[in-house]
Amino acid sequence: TSTNDRGGLSPVLAYLLNCDRTDHARAGRDAAEVFAALRAVLRAQPAVVRVRAPAKILGGVHGQLPDLLSLLHAHGFPSSHGPGGDVEVCSYVLAGDVVGGGGGAWQLETALFAAACKVSFPARVWWVCGAGELRRRGGDSLEPGADSFDEACAAAVSGGGADGGGEALAEACRAALDWLPAAAIIGGSVLVV
């Protein structure tokens, strides 16, 4: 894991931003570990979470990591210090449809980034389940079609070749997302579903 602090980002987030994306097998193992950690964090939460105000609400990026990063660049990343590092005084709510719903080219990376944010700051970053995060009938994919989540996982793990663990990685992510809360109540008065 990288020790680069990147302005207060957690070691997990710093690693994701600095990692070698040519080592597909390692990337798959690392991603599965982040999703396993996400599952453990989410299992400990209620189905409706209470979020401390003030909060930044982001959502509907549909697997478009550049869009999510652009929003965070403009409004601040969840970090503990440095420029824009406001996670100690401001909550972040990922209001569903972070993945799915558009066949975004960055489905896996977007899910992984959101998972790393939640794992890094479990009491300050909240990810609410949207339609994009729900399993489809049969439980085989988060997003059916040519750019399915399963295919994105297979490509990430194998470098685009035969599946070398992509199905297991997709299932690790789905197993975590099954535990996403259905709603968040911000400051006792704002409902996010």
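Just the heavy atoms: all of them, side chains too, but no hydrogens, waters or symmetry mates, feed the values below.
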Novice: If you compare all heavy atoms of L169 against all heavy atoms of A31, which two are closest, and at what distance to 0.1 Å?
Specialist: CD1-CB, 3.7 Å

Novice: Establish whether L177 and V128 are linked, either directly or via other cluster members, by ILVMFWY side-chain heavy-atom contacts under 4.5 Å.
Specialist: no

Novice: For the residue pair V87 and F77, establish whether any side-chain heavy-atom pair is separated by less than 4.5 Å.
Specialist: no

Novice: Kindly give the heavy-atom pair with the smallest separation between C173 and A111, and that separation in Å.
Specialist: SG-CB, 4.2 Å

Novice: When you compare the side chain of V192 with that of V51, does any pair of heavy atoms fall below 4.5 Å?
Specialist: no

Novice: If I compare all heavy atoms of P122 with all of V41, which pair ends up nearest, and what's the gap?
Specialist: CB-CG1, 3.8 Å

Novice: Would a single hydrophobic cluster contain both L180 and I186, if residues Ile, Leu, Val, Met, Phe, Trp and Tyr are joined by side-chain heavy-atom contacts under 4.5 Å?
Specialist: no

Novice: Is it the case that one hydrophobic cluster holds both V61 and L72, taking links as side-chain heavy atoms less than 4.5 Å apart, direct or via other members?
Specialist: yes

Novice: Quick one: CG on L42 to CH2 on W126, what's the gap to the nearest 0.5 Å?
Specialist: 9.5 Å

Novice: For W127 and P181, which heavy atoms make the closest approach, and how far apart are they?
Specialist: O-CD, 3.1 Å

Novice: Is there a side-chain contact between E88 and R124, using heavy atoms and a 4.5 Å cut-off?
Specialist: no

Novice: Using every non-hydrogen atom in the two residues, find where D97 and G132 come nearest and quote the distance to one decimal.
Specialist: OD1-N, 2.6 Å

Novice: Between atom NE2 of H75 and atom OH of Y92, what is the distance when rounded to the nearest 0.5 Å?
Specialist: 10.0 Å

Novice: Nearest 0.5 Å, please: how far is CG in D67 from CG in L58?
Specialist: 11.5 Å

Novice: As a test of understanding, state which of V99, L112, T110 forms a side chain to side chain contact (heavy atoms under 4.5 Å, CB included) with L65.
Specialist: T110

Novice: Using 0.5 Å steps for rounding, measure from the CH2 atom of W179 to the CZ atom of R39.
Specialist: 7.0 Å

Novice: Any chance you could measure L69, atom CG, to W106, atom CH2, to the nearest 0.5 Å?
Specialist: 9.0 Å

Novice: Any side-chain to backbone donor/acceptor pair from E133 onto G96? Under 3.5 Å, distance only.
Specialist: no

Novice: Can you hop from L38 to L68 via hydrophobic side chains spaced under 4.5 Å?
Specialist: yes

Novice: Rounded to the nearest 0.5 Å, how far does CG of L94 lie from SG of C129?
Specialist: 12.5 Å

Novice: Any chain of hydrophobic side-chain contacts (each under 4.5 Å) joining V98 to L71?
Specialist: yes

